[in-house]
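For reference, the structure is listed below as structure tokens.
Computed from a prediction, not measured in an experiment: that's the story for all the values here.
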Amino acid sequence: MSMASEQVWQQYANALTALLTTGSFDPKTQAISFNGISAQIDLCNPDPQIISSSVYELGNTIPAWGPAYVPKSDLVTAYALYLNSIQLKGDPNPNLDGRINIAANSLTQAQQNYNKQMAQAVDVWQIYRQLSPSTNFWDYASSQCPVYIEAYKVLIASQSHYDDLMTKKYGMGYQEIQQALNAVGFNGGARDVNNKNNYNMQIKRGTVAPAGSIPSLPGETVLPPGASLSQFYVPNYTLGGDFGRTFAEWQDKSSQDKVEIGPLHISGSSTSSDWSKFGWDASASASLFKSFFSLWAQGSASSESVTQSFESMDYDLDISFTGLGLFPVQQGIWLRLALIQQFKNSLRPGCGEFFGESGTLNLLPVHAIIGFEPKISLKLNNKSYHEYKLKWQAKATASLGIGPFRIGNASVLTYGEKENIQYDDNSQTISIGPIKSTLPLLLGVISTKL
């Protein structure tokens with residue numbers, strides 16, 4: 001009796017979810033996107049700005065609506081477009097425009113006068129501090145600089161009058177939305193690529209030449225690997241859960257050959273369910289997943305499914321890890337979730353879809369599923385074992401796959417070499433790993449449905 005590859009993927013998803021979430025996952029409000037191919041993620045680089053680049057890519061990627069982890073849109077852009085699409089219910093009276101212009105001019109004059117009086121007050125305060133170093137500026141100005149205090153009061157009143165008129169014109173929530181737009185803006189906001197502020201962080205992105213790629217003569221000092229990296233700023237994200245400390249513990253376990261997490265076990269008799277268990281529609285498409293058992297020919301980027309007998313009911317698969325965990329993905333203070341919920345029903349006609357299956361702002365990444373150094377054991381019946389072994393050992397086969405793990409060397413992401421595979425004819429078991437590595441794997445992302 002055979003089973004579809006999609007059912008095997010669902011068995012794997014069941015086992016991984018059960019191992020990590022301990023029943024805390026809610027498919028009504030959350031969704032899990034599983035990586036269909038090994039994806040190394042550089043979260044342990046000696047350069048923290050390269051780590052920040054990986055965290056940014058992880059947090060800013062909104063997955064496509066479906067069980068396979070595929071980028072759909074980017075969070076900061078979708079959020080900014082959403083803010084610009086909010087339609088507030090204000091006063092349409094055109095006479096308000098003239099009053100707003102007058103208030104804006106008054107506010108500009110008040111700001112300029114305040115800046116002038118502020119500078120003069122600071123100058124005399126600095127002189128006074130030579131006699132009384134403990135006197136702070138506000139205490140001094142309150143008693144000795146009445147012109148400055150008056151300028152401050154006029155500025156506050158002018159700002160309040162302008163804000164009141166703008167709120168009347170554009171509706172309640174105007175100030176909040178403007179502040180939110182400023183926070184994701186290109187000048188002083190999260191999308192400012194040139195200047196550091198409270199909403200962004202600096203990253204490095206580009207290519208780094210691998211160690212040993214630069215030749216040196218005997219006796220010469222070995223030059224560091226070449227690099228082509230650019231520095232700039234991106235919206236701020238953090239990866240919680242003290243990942244740095246956790247990864248150091250995983251590395252320590254690796255040095256002691258400890259594989260302690262798992263096993264994640266599935267077999268031909270394991271329970272499979274539809275994708276609704278993971279937050280999607282029951283009929284969600286899994287076409288983006290390759291065959292759970294697959295191989296690649298030399299020089300090929302496309303996989304070839306192994307014959308159907310390898311996906312029979314007669315198999316046992318165990319996957320263990322040196323390290324495995326859920327780590328929270330946290331957006332910076334530029335994201336205000338309350339505004340997303342508050343104005344969902346106040347959007348301009350024709351502004352596009354933001355929510356639901358086709359929306360560009362439908363999912364918010366909240367947890368990354370990260371594994372380290374998987375160990376795989378696949379036990380098959382006698383016929384399938386020998387057929388599998390024959391195909392995988394063939395010279396024409398460059399790499400092979402079990403679920404998201406690709407072993408070998410082909411024009412696809414791989415993890416380890418064919419030499420890492422061991423065959424036990426007596427037990428009809430194929431064993432892989434644990435494959436030593438310096439990089440963890442991104443196995444999937446849990447998102448909140450917005």
Side-chain angles (χ1 to χ4, degrees), residues 4-14 16-17 20 25 27 30-43 53-79 81 205 234-235 237 239 274-294 296 300-305 326-327 329 331 352-371 399 401-406 410-415 439-450:
S5 181
E6 183 173 351
Q7 290 178 276
V8 187
W9 274 106
Q10 289 172 347
Q11 290 178 344
Y12 163 80
N14 270 337
L16 183 61
T17 302
L20 284 170
F25 174 74
Q30 296 177 300
I32 308 181
S33 304
F34 299 95
N35 227 333
I37 189 168
S38 301
Q40 294 178 329
I41 180 169
D42 196 349
L43 297 172
S53 179
S54 296
V55 173
Y56 164 71
E57 294 293 343
L58 176 62
N60 198 53
T61 298
I62 296 179
W65 192 269
Y69 181 63
V70 180
K72 167 69 181 295
S73 56
D74 73 273
L75 178 57
V76 68
T77 300
Y79 173 63
L81 289 173
R205 184 182 293 169
V234 295
Y237 292 87
L239 185 67
D274 59 50
W275 293 114
S276 64
K277 184 173 181 178
F278 311 101
W280 313 107
D281 293 335
S283 59
S285 172
S287 60
L288 294 174
F289 287 123
K290 299 294 185 181
S291 175
F292 196 86
F293 302 111
S294 53
W296 282 261
S300 173
S302 60
S303 66
E304 170 195 335
S305 297
L326 272 181
F327 297 89
V329 179
Q331 299 79 24
E353 292 186 62
F354 289 100
F355 308 104
E357 183 172 349
S358 302
T360 56
L361 189 59
N362 50 12
L363 298 171
L364 178 71
V366 292
H367 280 94
I369 304 173
I370 298 175
S399 63
I402 296 179
F405 307 108
R406 301 294 189 258
S411 302
V412 292
L413 292 174
T414 57
Y415 194 70
L439 292 174
L441 297 174
L442 178 64
L443 300 179
V445 171
I446 298 179
S447 301
T448 295
K449 297 176 183 178
L450 296 177

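- Counting heavy atoms from C-beta on, the side chains of P235 and Y56 come closer than 4.5 Å.
- Note that the OH atom of Y12 and the CZ atom of F289 stand 8.5 Å from one another [nearest 0.5 Å].
- Heavy atoms only, all atoms of each residue included: K449 and Q30 are closest at CE-O, 3.3 Å.
- Here the shortest heavy-atom pairing between P440 and I370 reads CB-CG2, 3.6 Å.
- Residues F25 and L20 have side chains not in contact (no heavy-atom distance under 4.5 Å, counting atoms from C-beta outward).
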Derivation and outcome, side-chain contact (heavy atoms from CB on, under 4.5 Å), residues L364 and S447 | CA-CA 5 Å; L364 178 71; S447 301; 5.7 Å; no
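- With values rounded to the nearest 0.5 angstrom, L75 atom CG is found 4.0 Å from Y237 atom OH.
- Not a single donor-acceptor pair under 3.5 Å links the side chain of S33 to the backbone N or O of P67.
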Are I446 and L326 close enough, and set up right, to give a side-chain contact (heavy atoms from CB on, under 4.5 Å), and what steps lead you there?
-> CA-CA 9 Å; I446 298 179; L326 272 181; 3.7 Å; yes
Run the numbers on S283 and D281 for side-chain hydrogen bond (donor to acceptor under 3.5 Å, both in side chains), then give the verdict.
-> CA-CA 5 Å; S283 59; D281 293 335; 5.5 Å; no
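- Annotation: side chain of E353 is not in contact with side chain of T360 (no heavy-atom distance under 4.5 Å).
- In this structure, N362 and E357 approach most closely via the heavy-atom pair ND2-O, 3.6 Å.
- With rounding to the nearest 0.5 angstrom, the CD atom of Q40 is 5.0 Å from the CG atom of L439.
- Here the shortest heavy-atom pairing between S291 and F293 reads OG-O, 2.9 Å.
- With a 4.5 Å cut-off on side-chain heavy atoms, P71 and T61 count as touching.
- Minimum heavy-atom separation, P404 to W9: N-CH2, 3.6 Å.
- H367 contributes atom NE2, which lies 9.5 Å from atom CG of L239 (distance to the nearest 0.5 angstrom).
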Check against side-chain contact (heavy atoms from CB on, under 4.5 Å), V329 and V366 | CA-CA 5 Å; V329 179; V366 292; 5.8 Å; no
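- No side-chain heavy atom of L361 sits under 4.5 Å from any side-chain heavy atom of L81.
- Side-chain contact check for L442 versus I369: every heavy-atom pair is 4.5 Å or farther apart.
- Nearest heavy-atom pair across D274 and Q10 is CA-NE2, 3.7 Å.
- Between W275 and F34, the ring planes are tilted. Angles from 30° to 60° get that label.
- Inter-residue side-chain proximity for D74 and V76 is flagged as met; some heavy-atom pair is nearer than 4.5 Å.
- Within the 4.5 Å cutoff, the side chain of F278 has heavy atoms near those of the N14 side chain.
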side-chain contact (heavy atoms from CB on, under 4.5 Å) between F327 and V55, intermediate numbers included | CA-CA 11 Å; F327 297 89; V55 173; over 6 Å; no
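- From S73, atom OG reaches atom CZ of F354 across 10.0 Å, with rounding to the nearest 0.5 Å.
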